[in-house]
Structures are given as C-alpha cells and as structure tokens.
Amino acid sequence: MLPAEMDRGFFIVLEGIDGSGKTTQAARLAAWLRDLGREVVETREPTDGPWGRRYRAWARGELEASAAEVLGFFVADRREHVETRVAPALERGDVVVCDRYVASTRAYQAADGVDRALIERHLDSPDLPQPDLTLWLRLPVERAIERMGSSATERYERAGFLARVDAEYARMGLDPIDARGDPDSIQAELRRRVGEQLPLA
Ligand code: TYD
C-alpha cells in the first residue's frame, strides 16, 4: 500500500512524558470527535500485543534487555499495530487518535542512549503512516512526577530520565501545549488545533 493511499483518514497522535495527562485528554478528544459524527479509532502504543507485553516486563524489571533491544520491541510492536489497526482505519477514512507513536521512540530511546541515527533508520519505513497532527502535552518533570505519585514504579518514570525525554521532545520542533493548566483548557486547545486541520461539521 502506498503512503498516499493510507492517508484518507486523519491521524492524530498525543505525545508527552509519563504523567503529562495525555491518556485522559486523548479519550476526551476521541469522544468529542465521535459526537461530531466522525468514526474514531482510539488506540495506543505500546499495545497489549506480545511486543508491548515484552516491553512492560522489561519496564517492571522482570526482563533484562539492552536499550537497542528495547528499541526493537517498540519497532516490532508498532509494525504490528500499524498493520492491524492504524492503516486499516486510515484506509477506511476514520480518524485515528493514538496515545504515543514515533515521537515517543525518538524521545525515549534517544534519552536512553540509543544512537539517533539508528533510531531514524528504524523509523524510516514507507509502511509507517505519518501523523497529520502530533499534539505534545508539555508538563515540567517535577509536576509529572508529583502527579504519578507512588504509581511511578517503571524504569523510565524517573525525574532525571524524564528530563532527558523532555529535552528530546524539544529538539523535534513540535509546538508544545502547556499541560500545567486545568484539564478543560487543555482539551479546548487540543480541539482548536484539530479543528484547524480537520473539517468538522
Ligand atoms: P505509557 O503511555 O506510559 O503507558 P503505560 O500506561 O503502559 O505506562 O507508555 C509506556 C512507556 O513506553 C512510556 O514510559 C514511554 C515508553 N515508550 C518508549 O520508550 N518508546 C516508544 O516508542 C513508545 C511508544 C513508548
């Protein structure tokens, strides 16, 4: 399938460090788009498939793997996710709202010390549709850690690491959405940005 053929729908991605609130915002955005009559596929990476489960086992400390191997988990998970869910939805003309995608790999795996050129080689595939819109919810690391509280138990959920992830997101030239405000204003800003690009009834 050519990338142009996968492009009939609209592909929205939410990004941000752990604790930035994107999961709740993604769900509200999807509900709003449905109310406006759009077919919406709400999804996330890592998935609950075999590669996503392998990542989670590593994140909980149940499995040892190098940073390059963890990159491999995300790449394999994404290949399967795109093939089974994202590409078919875009082909049908649906809106896809995805919690994390390629920018997470660029940010987290670079923060974990993987060579940026190696990451790019893995992401350079005609089979990976480009997001139409990447919404980066930016929250200061201390606030994110505070929000996660005692649920922050995974390997990546540490202040020093998340500060590096934030710096990697900042390199990408995305226009940040200030995630410090109240959830309703953040949601309003997300809707405004989507409305600028997606014709809505
Ligand atoms: P998260 O959205 O926090 O899900 P969960 O509720 O399962 O913790 O994502 C899991 C982690 O995976 C998060 O710390 C970011 C990381 N991640 C990467 O390091 N690279 C990637 O390519 C993706 C998609 C996620």
Side-chain angles (χ1 to χ4, degrees), residues 11-30 41-86 96-116 118-125 127-131 134-139 141 143-172 174 177 179:
F11 188 13
I12 302 170
V13 174
L14 277 88
E15 290 283 354
I17 58 172
D18 299 72
S20 58
K22 66 192 165 36
T23 305
T24 324
Q25 293 290 344
R28 285 183 64 183
L29 190 66
V41 170
E42 217 178 320
T43 187
R44 62 187 287 236
E45 293 189 2
T47 70
D48 293 325
W51 292 103
R53 288 204 301 275
R54 194 166 299 189
Y55 158 72
R56 288 197 174 87
W58 173 82
R60 288 192 300 261
E62 296 162 12
L63 171 82
E64 288 312 313
S66 69
E69 285 167 333
V70 174
L71 165 68
F73 299 164
F74 287 113
V75 168
D77 185 52
R78 176 163 307 128
R79 195 176 302 129
E80 192 174 86
H81 182 224
V82 164
E83 197 179 309
T84 59
R85 293 210 71 195
V86 178
V96 175
V97 176
C98 189
D99 186 346
R100 297 192 182 284
Y101 190 58
V102 291
S104 280
T105 311
R106 291 197 168 99
Y108 280 77
Q109 274 56 66
D112 206 13
V114 183
D115 179 48
R116 291 198 190 94
L118 176 66
I119 296 172
E120 290 311 318
R121 279 203 295 283
H122 278 281
L123 298 181
D124 181 21
S125 159
D127 297 329
L128 291 182
Q130 293 299 310
T134 298
L135 301 164
W136 172 31
L137 295 185
R138 191 177 202 187
L139 189 68
V141 170
R143 290 279 299 276
I145 294 280
E146 214 175 275
R147 268 197 206 169
M148 285 190 279
S150 58
S151 71
T153 55
E154 298 190 342
R155 297 202 204 224
Y156 284 160
E157 296 173 340
R158 301 199 175 113
F161 181 77
L162 291 179
R164 292 205 296 280
V165 174
D166 179 70
E168 292 295 331
Y169 274 122
R171 286 171 55 96
M172 290 177 216
L174 301 165
I177 293 166

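Numbering of ligands and ligand atoms starts at 1, following listing order.
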Decide yes or no on side chain to side chain contact (heavy atoms under 4.5 Å, CB included) for Y101 and E45, but give the supporting numbers first. CA-CA 6 Å; Y101 190 58; E45 293 189 2; 3.5 Å; yes

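R100 contributes a side-chain N or O that, together with a main-chain N or O of G16, makes up a donor-acceptor pair within less than 3.5 Å.
The side-chain heavy atoms of F74 and L123, taken from C-beta on, include no pair separated by under 4.5 Å.
Looking at residues two or more places apart in sequence or on another chain, you find a side-chain contact (heavy atoms from CB on, under 4.5 Å) between R53 and P50.
Contact shell of ligand 1 (protein heavy atoms, cutoff 4.0 Å): D18, K22, R44, E45, P46, Y55, R56, F74, R78, R100, S104, T105, Y108, Q109, E154, Y156.
Across all their heavy atoms, A179 and L139 have their closest contact at O-CD1, 3.2 Å.
One finds a salt bridge joining D48 and R56 here, because a Lys/Arg side-chain nitrogen approaches an Asp/Glu carboxylate oxygen to under 4.0 Å.
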